[in-house]
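A short worksheet on the structure shown next.
Keep in mind it's a predicted model, so treat the numbers as computed, not measured. To find a chain, count down the sequence lines: A is the first, B the second, and so on, and within it residues start at 1.
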2 protein chains.
Amino acid sequence: MSSKVTIHEVARLSGVSIKTVSRVLNREPNVKTDTRTRVQEAVAALNYRPNISARSLAGSKAYLIGVFFDNPSPAYVTDVQLGAIARCREEGYHLIVEPIDSEGDVAAQIEPMLSTLRMDGVILTPPVCDNPTVLAVLEAEGVPYVRLSPDQDLDRSAHVRMDDVRAAYEMTAHLIALGHTDIGFIKGHPDHGASHLRYEGYAQAMTVHGHAVRESHVEQGYFSFRSGFEAAERLLAGDDRPTAIFASNDDMALGVMAVANRLRLNVPETLSVAGFDDTPGAKVVWPQLTTVRQPIQAMAAAAADLLLGGTKRGEGEAPPSRLLDFELVVRESTGPVR
Amino acid sequence: MSSKVTIHEVARLSGVSIKTVSRVLNREPNVKTDTRTRVQEAVAALNYRPNISARSLAGSKAYLIGVFFDNPSPAYVTDVQLGAIARCREEGYHLIVEPIDSEGDVAAQIEPMLSTLRMDGVILTPPVCDNPTVLAVLEAEGVPYVRLSPDQDLDRSAHVRMDDVRAAYEMTAHLIALGHTDIGFIKGHPDHGASHLRYEGYAQAMTVHGHAVRESHVEQGYFSFRSGFEAAERLLAGDDRPTAIFASNDDMALGVMAVANRLRLNVPETLSVAGFDDTPGAKVVWPQLTTVRQPIQAMAAAAADLLLGGTKRGEGEAPPSRLLDFELVVRESTGPVR
DNA sequence: ATAAGCCATGACAGCCTTGTCAAGGCGAGC
DNA sequence: GCTCGCCTTGACAAGGCTGTCATGGCTTAT
């Protein structure tokens, strides 16, 4: 029996009008404590749940938050969903997931769902969070949105980020603390803003600790396993090889490990390897990878929080944003220099 | 301007009643072709989209399909979402994702969302698809559901599966065709139905081709990297080692590769390794893993199709189900015996 | 030609909740 | 003791769409 208890029955049982029940449900002020309690009891007794369709038709809210993604990493996407849901459930909101095909006509994809569903807000993950068309459509439709780790136009909207520079700095410092002075670096895809930030953190740490950033030990990569593999082949070719390599993401670090394996260089005895992102692959390799963990779930939860009005935004103020802490995950792929 | 064009305006522009517009929108019969065209033009001209809340309040459908999951594999979850969405979009349905915490009070989690949202159907992934409480609540609420790769009670509901036995059979046959006769096998988690099916396929193939299933070359694993690693250590310990190992999932196969690496056994020259599932990790290892690909997206699409009434179900008939084809993905980790 | 029946369309109620506005009750200030 | 104003509550309409039923025109069977 798909119990379709309506607000009327609750009203009748508790002896008040449906409007008062509505008030209690929406935590509106100006309801006597006594009345409130009585209504709540009736709600519990009847196991009543408001009908979300009727609610959003009558009111302004849809109780739906969208998550748009076009992200190649399933682990990332899932974490975002988990984080966002955690916060949404507290307020009775639900998550609508919408994969976006950035190659296709983006506007044609999102415009219909926006006008059909009337979502209360949207969370944008990279790289859609930097897609100008998406942002434009969202703004035109008047749908609030929060971007996760955006690259560009930071002031354009609310967003949540992690401090990539500092994370890369600390990872480099970790290697330096282990005695490494000659640390190779593999850059990420040049179109991705994080690439520059991570390189900057690396360079800063080297400079601050008095070690030179050797051009020949900095390679361009593209965030893929293959690009990391190839970069590592170049870095480890001659005799003048670095004692540690910091790849700006895990996939590339895995490429480095593969090369080390082929060259019979023991990790971490002969070569320390560090990654960035803490992807699932980082634990599925031997030795397990030292890396940086982004608090993805927490970031998504923060994004949902921003949307649900955790922070009220005044007129004219800059859009709110949050900067979250990363976590250095030291595992077995980095060790003292020998 | 979040254009809130209503059905009235479409009706006015096309010179018919709102009911007729509604009929066109819902592809109902008994509308003159001429009228239908005129309405469609008006819809296009005004860029009208029906309001889903109003729609579901008035009618019976909510235009929402839920996906419940409690699956440790993000890649799997994402694929399911992608596959389901593909089919849902065709019909104007949207996807609500709901992670379930199987450890907690499952009924308390899903009961509210079911009665609040009134979803039209739910897709259940393993392992929630075998959670009796979940099934019971869904049935009590009268919400149709389709299970993906269920283990138990196949006739209880509609479901979509892949032929694990045949897949394991063919993978084994592939190894045999390469000249292997002594093929080790690592079983999956005993609580997971697929484990038995995959083992059965392996055993069948061995027997049919006249090779003995050697007890000492069959190890128990638990679908984790670590369990694969340990099983491989045992299998590869003595001199009497198999020339190939078929692990019943990729994570364990990766564990096998790690051991082979440590023991300096070249893959595939000295040892062939095969996995199952085609997880992302399968391509991020060197050499890349030969494995079995489940058509997860297609399976999810089929599930959505079942829900959306792709197959009408008569009274008293058995719940509909679909059996999809797998794909043998031969990469570099398997080779001829030497 | 006439009755029966189907097709195409429209009028209207209803889905369940929230927003608006009005009304009654009661304490505070003069 | 009376007015003012706030607190609490309720009546009613509105929100956009679909279901039901009625209507009139036209085709088919007799």
Identify each donor-acceptor pair in which a side-chain atom of residues 90-109 of chain A lies under 3.5 Å from a protein atom, sequence neighbours left out, and give them as a table.
{"from": "Glu90(A)", "atom 1": "OE1", "to": "Arg87(A)", "atom 2": "NH1", "distance (Å)": "3.1"}
{"from": "Glu91(A)", "atom 1": "OE2", "to": "Arg87(A)", "atom 2": "NH1", "distance (Å)": "3.2"}
{"from": "Glu91(A)", "atom 1": "OE2", "to": "Arg87(A)", "atom 2": "NH2", "distance (Å)": "3.4"}
{"from": "His94(A)", "atom 1": "ND1", "to": "Glu98(B)", "atom 2": "OE2", "distance (Å)": "2.9"}
{"from": "Glu98(A)", "atom 1": "OE1", "to": "Arg89(B)", "atom 2": "NH2", "distance (Å)": "2.9"}
{"from": "Glu98(A)", "atom 1": "OE2", "to": "His94(B)", "atom 2": "ND1", "distance (Å)": "2.8"}
{"from": "Asp101(A)", "atom 1": "OD1", "to": "Glu103(A)", "atom 2": "N", "distance (Å)": "3.1"}
{"from": "Ser102(A)", "atom 1": "OG", "to": "Asp70(A)", "atom 2": "OD2", "distance (Å)": "2.3"}
{"from": "Asp105(A)", "atom 1": "OD1", "to": "Ala107(A)", "atom 2": "N", "distance (Å)": "3.2"}
{"from": "Asp105(A)", "atom 1": "OD1", "to": "Ala108(A)", "atom 2": "N", "distance (Å)": "3.2"}
{"from": "Gln109(A)", "atom 1": "OE1", "to": "Asp101(A)", "atom 2": "N", "distance (Å)": "2.9"}
{"from": "Gln109(A)", "atom 1": "NE2", "to": "Asp101(A)", "atom 2": "O", "distance (Å)": "2.9"}
{"from": "Gln109(A)", "atom 1": "NE2", "to": "Asp105(A)", "atom 2": "O", "distance (Å)": "3.4"}

Polar atoms only, N or O, under 3.5 Å: list the protein pairs with nucleotides 10-14 of chain D and their distances.
{"from": "dG10(D)", "atom 1": "OP1", "to": "Ser17(A)", "atom 2": "N", "distance (Å)": "3.4"}
{"from": "dG10(D)", "atom 1": "OP2", "to": "Ser17(A)", "atom 2": "N", "distance (Å)": "2.8"}
{"from": "dG10(D)", "atom 1": "OP2", "to": "Ser17(A)", "atom 2": "OG", "distance (Å)": "2.9"}
{"from": "dG10(D)", "atom 1": "OP2", "to": "Thr20(A)", "atom 2": "OG1", "distance (Å)": "2.6"}
{"from": "dG10(D)", "atom 1": "N7", "to": "Arg23(A)", "atom 2": "NH2", "distance (Å)": "2.7"}

Considering residues at least two apart in sequence or located in another chain, which fulfil the side chain to side chain contact (heavy atoms under 4.5 Å, CB included) criterion with [X]?
X         : answer
Asp151(B) : Asp130(B), His192(B)
Thr125(A) : Phe69(A), Asn71(A), Tyr76(A), Val80(A), Val128(A), Leu148(A)
Ile7(B)   : Ile18(B), Val21(B), Ser22(B), Leu25(B), Tyr48(B)

When the distance from [atom1] of [X] to [atom2] of [N] is rounded to whole Å, what number comes out?
X        : N       : atom1 : atom2 : result
Ile7(B)  : dC12(C) : CD1   : C1'   : 15 Å
Asn51(B) : dG16(D) : CG    : C1'   : 6 Å
Lys61(B) : dG16(D) : NZ    : C1'   : 16 Å
Leu25(A) : dC16(C) : CG    : P     : 15 Å

Sugar-phosphate only, base, or nothing, as touched by Tyr48(A) at under 4.0 Å among non-hydrogen atoms: sugar-phosphate
Validation row: Lys61(B), Arg118(B) side chains within 4.5 angstrom (heavy atoms): no
Listed once per pair and sorted, the salt bridge (charged side-chain N to carboxylate O under 4.0 Å, His left out) pairs that draw on residues 5-31 of chain B, sequence neighbours left out: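 Found none.
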Sequence neighbours excluded, every pair satisfying ring pair (Phe, Tyr, Trp, His ring centres under 6.0 Å) that has a member inside residues 112-151 of chain A: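 Every candidate ring pair (Phe, Tyr, Trp, His ring centres under 6.0 Å) pair involving residues 112-151 of chain A fails, so no pair, neighbours aside, qualifies.
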Listed once per pair and sorted, the ring pair (Phe, Tyr, Trp, His ring centres under 6.0 Å) pairs that draw on residues 98-128 of chain A, sequence neighbours left out: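 For residues 98-128 of chain A, and leaving out neighbouring residues, there are no ring pair (Phe, Tyr, Trp, His ring centres under 6.0 Å) pairs at all.
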Degree of bending in the helix from dA1(C)-dT30(D) to dC30(C)-dG1(D) once both end axes are built from five pairs, to 10°: 30°
Sequence-distant partners of Arg49(A), salt bridge (charged side-chain N to carboxylate O under 4.0 Å, His left out), two or more places apart: Glu111(B)
Counterpart residues, salt bridge (charged side-chain N to carboxylate O under 4.0 Å, His left out), relative to Asp325(A) (two or more places apart):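 Here the qualifying residues are Arg166(A).
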Short heteroatom pairs, N/O only, protein and nucleotides 5-8 of chain C, under 3.5 Å:
{"from": "dA8(C)", "atom 1": "OP2", "to": "Asn30(B)", "atom 2": "OD1", "distance (Å)": "3.4"}

